Amino acid sequence: MIIAAIDVDPQKAFTPLCPNELPVNEGDIIGPALNTQARKANFRVLTKDAHQSKAIWTVDNHSQMLQPLNHPNADLTWVSHAVPGTRGFETIPELPAVTDYDFVVWKGIEADLHPYGACYHDIAEQLSTGLIEWLMAKEVDTVLIGGLATDYCVKTTALQLVKSKKFKVIVNVEACRGIATETIELAYKEMSQAGITIIQNINELQMHL
């Protein structure tokens, strides 16, 4: 069995450390849980949002967010976040340097792209980031996922991976945080129905391998 642990967007933009971006409650404290799950894996992958400051989906304040957009690869409005060179782009405390990961995906670099999942650059899921292909090349059969946020990028990444029918996909609740209770619950339900295994903490991992 070959396991890859994926740290999905564990960036300060999605934590209380950057309150003007997209703060997720307790998003800044999952570093130890991500490190613990990585020790169970053969490979460790990092994904990071890397957005332009004035992308087509950006709005000036939080009250204007989550409005639908008529664009094929940016479906909702968001405040500017995770811009390279800013504090929000940085990973949360206690994680290793980017160069210590085995594979890194930077997401949404183009001004007209705002993907959620780590496997494709576009919402239509036609333009691969290379993640699935890299995992296959490394003969990975099990993927262990944690990160931010549960109800958006974690969920979409997990669904993309299970849809490929190449891997057993496990989401570690202890290593995730989400935006809202209702959407978090819906996300876990959707993932479970898709065949993704949900564990509450790393101590449950062995029974699902």
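Here the structure is a predicted model, which is why all the values come from computation and not from measurement. Throughout, residue positions are numbered sequentially from 1 according to the sequence presented.
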### Query
Are Gln11 and Asp49 close enough that some pair of their side-chain heavy atoms sits under 4.5 Å apart?
yes

### Message
salt bridge (Lys or Arg N to Asp or Glu O under 4.0 Å) for Lys48 and Asp9? Distances and angles first, verdict last.
### Response
CA-CA 5 Å; Lys48 295 184 75 177; Asp9 302 356; over 6 Å; no

### Minimal non-hydrogen separation, Asn61 against Val79, with atom names
C-CG1, 3.5 Å

### Query
Roughly how far, to the nearest 0.5 Å, is CG of Leu186 from OG1 of Thr181?
11.0 Å

### Query
Which residue pairs pass the ring pair (Phe, Tyr, Trp, His ring centres under 6.0 Å) test when at least one of the two sits in residues 126-146, sequence neighbours left out?
Phe43-Trp134, Phe103-Trp134

#### Entry: Summary of side chain to side chain donor-acceptor pair (under 3.5 Å) pairs that have at least one residue in residues 139-148, sequence neighbours excluded
none

### Query
Can you name the nearest heavy-atom pair linking Val171 to Met191, along with the distance?
CG2-SD, 3.9 Å

### Query
What residue pairs, at least two apart or across chains, pass ring pair (Phe, Tyr, Trp, His ring centres under 6.0 Å) with a residue in residues 137-177?
Trp78-Tyr152, Tyr116-Tyr152

### Task
Could you state whether Leu148 and Met65 fall into the same hydrophobic cluster, counting links through intermediate Ile, Leu, Val, Met, Phe, Trp or Tyr residues with side-chain heavy atoms under 4.5 angstrom apart?
yes

### Query
So which heavy atom on Val162 is nearest to which on Ala194, and how close?
CG2-O, 3.8 Å

## Note on the structure
The complete set of ring pair (Phe, Tyr, Trp, His ring centres under 6.0 Å) pairs with one or both residues in residues 178-209, sequence neighbours excluded, reads none

### Task
Please list all pairs passing the salt bridge (Lys or Arg N to Asp or Glu O under 4.0 Å) test where one or both residues lie in residues 13-40, with sequence neighbours left out.
Glu26-Arg177

### Query
Applying salt bridge (Lys or Arg N to Asp or Glu O under 4.0 Å), which residue pairs with at least one partner in residues 189-209 are found, sequence neighbours left out?
Lys155-Glu190

### Query
If you measure from CG on Leu34 to CD1 on Ile30, what distance do you get to the nearest 0.5 Å?
4.5 Å

### His81 and Phe89 aromatic centres sub-6.0 Å
no

### Task
Taking the side chain as every heavy atom from C-beta outward, state whether Leu144 and Val169 have any atom pair closer than 4.5 Å.
no

### Query
Is there a side-chain contact between Tyr120 and Gln160 (heavy atoms, below 4.5 Å)?
yes

